[in-house]
Amino acid sequence: MKRLIRLSLVSVIIFSCNPALKNSASGIAINPYNYNIQKKIIAENGAVVSAHPLASKVGIEILKMGGNAIDAAIATQLALAVVYPNAGNLGGGGFFVARLGNGELVSIDYREKAPGNAHRDIYIDPDGKARTDKSQDGHLASGVPGAVAGLFASHKYAKLPFARLIQPAIDLAAKGFTISEREAKSLNGLQDDLKKFNSVIPVFVKNEGWKAGDTLIQTDLANTLKRIRDNGAAGFYEGETAKLIVEEMKRGGGIITYEDLKNYKAQPRTPHQFNYKGYKIVGMAMPSSGGLLLHQMMKMIENRNIGAMGFHSVQAVQLMTEVERRAYADRAEYMGDADFYKVPVARLGSDAYLKERMQTYNPEKATPSTDIKPGVVTGKESEETTHFSVIDKEGNAVSITTTLNNSYGSRTVVGGAGFFLNDEMDDFSIKPGVPNMYGAIGGEANAIAAGKRMLSSMTPTIVLKNNKPYIVIGTPGGTTIPTQIFQTLVNMLEFNMSTEDAVYKPRFHHQWLPDEIMIEKNFPQPVRDALQKMGYILKERVAFGRTEVIKILPNGKFEAVADNRGDDAAEGW
Ligand code: GLY
């Protein structure tokens, strides 16, 4: 029986000199030396969409083996840590949002934490100057990684033994995989930083340069993964791996200690939920601003009949821009790790507050950001994070966004352990009013404190219709993440666009400060002209994020669409 309809197959077939080996130890049939990128698929048993074709294929193979969507998500995340080193990771953190087959909604926070020796002014020079170089580059930029703790915390919802889920990643690291042209270019652009931020030269350094078709073998990483397979989370947070991390810290002036590693715990959180025109939208709570920002933005447009305005109409773009501006002003003032700072979530998401917030909205012209203060509550362009969406036929839907922050994080690879460390400390407000790498500012709510989690924008989201999964969505993109999810959902729910159009069409972004609308290169000229006449400053920039969507069709089949802004790939079964 033909179970799968392949609707589009992008013609990226990679060949290398290596013989095509099957991934034997894991028992799954993937050829890491010759694979294709598929942008859309419709399937009936399950689907995985991620930033890398090999990671998506690993997830599907796990589903075929009898795993559920959580098993597939764990295996996909581990595979991304090997095949997508710019954002897939062991040395970073992320958020897991799921709707389980029994209807339960769960989320797990495995965001990095400030090390125990961090403090509010750790990036301030004696003369008061904020050192963003230190919060963004090298050893001192790293928070305590949460990724491995997150994988084990989510495993309680899985069916297969962890050892089976990690084996494909071990094989990919040990035997290698063929890199694409995009990956070769990315690694070549990294060479100077790798030499600058590492004293133990990592495997990613290649003096003659990388080219498409080269095989990347990561023996140290394979050994780290084996220690995790054999010892569980302790294989990372204790023993040899912890020793290698602490030694790396000592070589480069970092401050993560054995205690920081041993004490790291992933945290189950109640997902952030709200209703929008009969849909239930489920996302991540603090320390991600994503769930609440999406809530605020969707609710500020809910009663304004945006559907009738039309996609990329000046009216709709202007309304969404003003909504984004207002939500991001609140982000800067009020949002941070709720374990450390009382975030007024209920008030910021209340209908009364959001109505009040829109009282200054003028559909004829821009409201300058200087006129938009955070509401009164009584009571660099390289944004490497990665998202993947997974679904199975048992009703489990998983939305995970994970990150190192910048592309390749701090660009420091743990000597002997083979993985990049994050530069997530820059997501704190290192000094009030000083922009981070995304231009976002913050204050007390997101100030640094030992053991605190830095505010995130990651927005892994599940939309439920009649309490069943309808859309599973997320994207990388730093502070642009919530606005990208906002736009893609508005495209699908209000403008009734096809999933491909909803994902591929040009995006825009406003974040209060800087007071400008960032637009993608192919954003339509007449809309630009009209917005400029209304007083908006527009700034063209590189592509925004890589959105991975699964939509459940009326016939119950899964439509998975991978963003066309990268090598992202959809797989189904
Ligand atoms: N590092 C990007 C984010 O967490 O928002």
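Atoms within a ligand are numbered from 1 in the order they appear, just like the ligands themselves. Quantities reported herein were computed from a predicted structural model and do not represent experimental measurements. Throughout, numbering of the chain's residues begins at 1 and tracks the sequence.
Given atom 5 (O) of ligand 1, the protein heavy atom at minimum distance is S457 N, 2.7 Å. Shortest contact from atom 2 (C) of ligand 1 to any protein heavy atom: D427 OD2, 3.3 Å. The protein heavy-atom contact nearest to atom 4 (O) of ligand 1 is S456 OG, 2.7 Å.
Between the side chains of T132 and Q136, no donor-acceptor pair is found at a separation under 3.5 Å. Side-chain polar atoms of T385 and H387 form no donor-acceptor pair below 3.5 angstrom.
Within the structure, ligand 1 lacks M454 among the residues with a heavy atom less than 4.0 angstrom away.
Y157 meets the ring pair (Phe, Tyr, Trp, His ring centres under 6.0 Å) test with no other residue; sequence neighbours excluded.
Ion pair K196/D133 not flagged as a salt bridge, since none of the NZ, NE, NH1 or NH2 atoms sits closer than 4.0 Å to an Asp/Glu carboxylate oxygen.
Residues F544 and M518 have side chains in contact (heavy-atom distance under 4.5 Å, counting atoms from C-beta outward).
Residue contacts with ligand 1, taken as heavy atom pairs separated by less than 4.0 Å, involve R111 solely via side-chain atoms from C-beta onward.
Within ligand 1, counting atoms from 1 as listed, the ones closer than 4.0 Å to a heavy atom of N405 are 1 (N), 2 (C).
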